[in-house]
Every structure is written in C-alpha cells, then in structure tokens.
Amino acid sequence: MTEILDGKLLSFKIRENIKKDVEVLKNRGISPCLAVIVVGYNKASLKYVSFKEKACKELGIESMIFKLPENTEEINLIKLIEELNNNQRINGILIQLPLPSHLDQNAILEKISPFKDVDGFTPYCLGRLLTDNPLFIPCTPKGVLKMFDEYKIALEGKHAVVVGRSIIVGKPLSLLLLRKNATVSICHSRTRNLTEITKKADILCVAIGKERFISADMIKEGAVVIDIGINVTDTGRVVGDIDFDEVKKKASYITPVPGGVGPMTIAMLMENTVIAAKLQKELSG
Ligand code: GUN
C-alpha cells in the first residue's frame, strides 16, 4: 500500500503549535515580525509572497511586504536590506527569488544579517549547515526532513537521490540527508543516465522544475518519492515534477502536488521567524 505524505495536514498541526508559541512570546513582550522583499512582477513570486503574508496574519506574526519595481537598482535594494538589518522591530528578512537578471543574487543575499536570514540562503547560514552547526535551515529542505520525521521514514544507510542542485532546495537538502547518514547522490539537468541513478534510489527527492519529469519507469519499486516541483500546466493545473498517478503505483510513500511539500515550506518559514525573534531577544540581552 502506498502512503500519501500529507503536507497540508502536517503543516496545519505545526502552524497550530507556532500560533501558541507566538502568543506566549507576545505575552513576554516579543512580537515576531517578518520583512519580505519582492522585486518585479513575476506572477508566481507575487503569489508565494501573498501566501507568506496570509500565513503570518493567521499565526499572529507581523509582516512587512516591500514590493519593488522590476528596474530597482542594486544599490537601492542593498540600502533597504541594511535598513531592515538595523531595524530592531524586524526579526526575519526574506528576499523572494528569483531576482530580475540585472541584479546579482549573491551580492544581495550576502547583505542580509545572518541572524535575520530566515531563508538560510546567506553564505554564513549555508556555511553553518555545511559545517554541521546549522543556524537557519532553508525552509523547503527543512520541511522535507520534518515529513520524514513525522512518518518515521528512516534515512540512515539509505540511498537518497536528489534531482536538482539549487541553493533553495537541492544543495541544502543533500546536506541534511547526509547529516541523517543517508548515502546521497546529487543529479541535475546535465546528469547522464539519470534513470540508472534514480532507479537505485530508496529515497528520491525531485526539484528540477519540469512538469511530470519523473515517470514510473525511473523509480524503484517501494521507493519513497518526494516531489518538490510546482508547475502550472497550459490548462492552469498545478502539478509537480513527478507523474503522480503512475509513480504512486510503485512508491511506498509519495507526496502530492499540491498539498505535499509546498505547505511545509511556509510552515517552516513561520517556524524560522519565531526562532529569529527568540534569537534576537537573546542577542539583545
Ligand atoms: N523562490 C522559490 N522558493 C523560494 C524560497 O523558499 N525562498 C525564497 N526567498 N524564494 C523562493
């Protein structure tokens, strides 16, 4: 029997706990606040930012949304980041990716204070993860690990194959799986004989951004399959990177899209914002 990993339900449970945590913090005079910056008019980005704003509201977390025009100059974006770094009311700073192509993503991300880096994308936070001493863990990979925990899916000694090598998902997820003693292979768009590798996966995590890219003949019978893709079809349907209906027949566990990893990402962002609020309280004494 294939079990569906229900990220919607799990994220709801997590959000209920965060809500309580926020209430306790507020009673101690700490009001968590997240700043979100989005540059340009990418429809998907604006939609994700609205989901993040809504989640904050539901959990009692304050949010400040900065919508900047497509032609924003790097110097002005950096100025805003520096203001937010110095603003004591703000605990977390998130820059929605991707940025327009004239902006240097690395030069911008590294300006975020690591102690407010709730996405975990600064070189400092990624370095802390690499050196087995994480500060903020990127939200999507953190959400995937929570699902393994919740459903008691053992990782130790398993062959985990990650398809995708972004800093948002593929690279940090690979490190987290390694920290759980999985044997990790990282594949990407230039990998030769991809099927040979994916067929050996006990755990297959896919974040490549191509509609129904993984078919049933690419997986091993009984594999755990995690779909981290969000694609919109020509007819407006949201689908993942995995051919869910066919792969489901072979997998032991599988995440749906929507309702799988997506809601977990937002729940983890809320969790990281609360962690940031507590951290800053400690830092300010
Ligand atoms: N774009 C797609 N996913 C993410 C994410 O988790 N964080 C940010 N900042 N941008 C994204």
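Every value quoted in this text rests on a predicted model; they were computed, and no experiment measured them. In each ligand, atom 1 is the first atom listed, and ligand 1 is the first ligand listed.
To the nearest 0.5 Å, atoms CD1 (I18) and OG (S11) are separated by 9.5 Å.
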Give every pair made of an N or O atom of ligand 1 and a protein N or O atom lying under 3.5 Å apart, one pair per line with both atom names and the distance to 0.1 Å, or write 'none'.
from: ligand 1; atom 1: 1 (N); to: Q96; atom 2: NE2; distance (Å): 3.4
from: ligand 1; atom 1: 1 (N); to: L97; atom 2: O; distance (Å): 2.9
from: ligand 1; atom 1: 7 (N); to: D119; atom 2: OD1; distance (Å): 3.3
from: ligand 1; atom 1: 7 (N); to: D119; atom 2: OD2; distance (Å): 3.2
from: ligand 1; atom 1: 9 (N); to: I95; atom 2: O; distance (Å): 2.8
from: ligand 1; atom 1: 9 (N); to: D119; atom 2: OD2; distance (Å): 2.5
from: ligand 1; atom 1: 10 (N); to: L97; atom 2: N; distance (Å): 3.0

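Residues passing the side-chain contact (heavy atoms from CB on, under 4.5 Å) test with L126, sequence neighbours excluded: P138, I167. I65 meets the side-chain contact (heavy atoms from CB on, under 4.5 Å) test with V36, V49, E53, S63, K67; sequence neighbours excluded.
Looking at T131 and N133, their side chains never bring a donor and an acceptor atom within 3.5 Å of each other. Inspection of the E62 and S31 side chains reveals an N or O donor paired with an N or O acceptor under 3.5 Å.
Residue pairs meeting the salt bridge (charged side-chain N to carboxylate O under 4.0 Å, His left out) criterion with at least one partner in residues 267-283, sequence neighbours excluded, are D21-K278, K142-E271, K146-E271.
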